[in-house]
Amino acid sequence: MARAGIRQANFSSARCIVELGAGTGPITAEIVKRLEARTQFLALERDPDFVRVLNNRFPSSANVRILQADVSHLDSILNDQGIAQHGVDCFVSGLGTPSLPGSVRNSMFAAVKKYLRPDGIFSNITEVPLYYLNFYKSIFEHVSFQFVAFNMPPGGVYHCRGIR
Ligand SMILES: C[S@@+](CC[C@H](N)C(=O)[O-])C[C@H]1O[C@@H](n2cnc3c(N)ncnc32)[C@H](O)[C@@H]1O
């Protein structure tokens, strides 16, 4: 599932990748493995215990930053990190996005809309295959679903482009 989550990220051209809800880092690990030195990577996680695990697994470096943060503050976080100039090429989310409180979701997608590059991708893993397809289609113009059978439980990834 972690590998599927980043399937549509272009590591050779990306200048900025942002992970939302990194947990203990299964997707983070796949990103860090492929990260080019010139690509800036931010991983956001709200839970302080998970952030401690992430900091141990992925020590900060010039282009890797783990931030304890709530995605409802995504706009100011990206602004503080100096992302504004070139935008985000790829958001990868491990969040149960459709189940987030409406206010959190709205501020998160407002920031995604502001920072996602026109050719950028927003990918969100799920353990409930296809159930939220219409949810993502209401936010993005182009949504494809990648089924991931070899995961416990089976799940998938919504790959979304063209935020409305
Ligand atoms: C379903 S887990 C996925 C964790 C990891 N990405 C994975 O694939 O195993 C969702 C993660 O999002 C974090 N999270 C939930 N709400 C959040 C929020 N509002 N801001 C930041 N992180 C949040 C949770 O603490 C949890 O670690």
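Both ligands and their constituent atoms are indexed starting at 1 by order of listing.
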Show the atoms of ligand 1 that are less than 4.0 angstrom away from any heavy atom in [X].
X      : answer
Ile125 : 8 (O)
Phe50  : 27 (O)
Leu95  : 12 (O), 14 (N), 15 (C), 16 (N), 17 (C), 22 (N), 23 (C)
Gly23  : 4 (C), 27 (O)

With heavy atoms only and a cut-off of under 4.0 Å, state how [X] meets ligand 1: side chain, backbone, both or neither.
X     : value
Thr28 : neither
Ala69 : backbone
Ala22 : backbone

Tell me whether [X] contacts the main-chain N or O of [Y] through its side chain, where contact means a donor paired with an acceptor under 3.5 Å.
X      : Y      : result
Arg161 : Asp119 : yes
Arg164 : Lys137 : yes
Asp89  : Ala9   : no
Glu45  : Gly23  : yes
Arg105 : Pro98  : yes

For ligand 1, which is the ligand I care about here, please tell me if [X] has any N or O atom under 3.5 Å from one of the ligand's N or O atoms.
X     : result
Val71 : yes
Asp70 : yes
Gly21 : yes
Glu45 : yes

Next item on the list: Could you establish whether Pro26 and ligand 1 come within less than 4.0 Å of each other, counting only heavy atoms on the residue side?
Entry: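 Yes, that is the case, since the closest heavy atom of the residue is under 4.0 Å from the ligand.
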
Item checked: Whether Leu44 lies under 4.0 Å from ligand 1, heavy atom ->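 Contact check Leu44 vs ligand 1: negative.
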
Next item on the list: Classify the angle between the aromatic ring planes of Phe140 and Phe109 as parallel (below 30°), tilted (30 to 60°) or perpendicular (above 60°).
Entry: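 The arrangement is perpendicular - the two ring planes meet at more than 60°.
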
Next item on the list: Assign the ring pair Phe145 / Phe147 to parallel, tilted or perpendicular, where the plane angle (0 to 90°) is split at 30° and 60°.
Entry: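 Taking Phe147 first and then Phe145, their aromatic rings sit tilted (interplane angle of 30° to 60°).
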
Notebook entry, point to check: Do His159 and Ile121 come close enough that some side-chain heavy atom pair is under 4.5 Å?
Noted result: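 Yes, side chains in contact.
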
Next item on the list: Counting heavy atoms only, name the option from Ser99, Gly155, Gly94 that's nearest to atom 2 (S) of ligand 1.
Entry: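 The residue whose heavy atom sits nearest atom 2 (S) of ligand 1 is Gly94.
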
Item checked: Partner of Ile31 by side-chain contact (heavy atoms from CB on, under 4.5 Å), out of Ile6, Thr39, Val18 ->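 Testing Ile31 for a side-chain contact (heavy atoms from CB on, under 4.5 Å) against Ile6, Thr39, Val18 leaves exactly one candidate, Ile6.
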
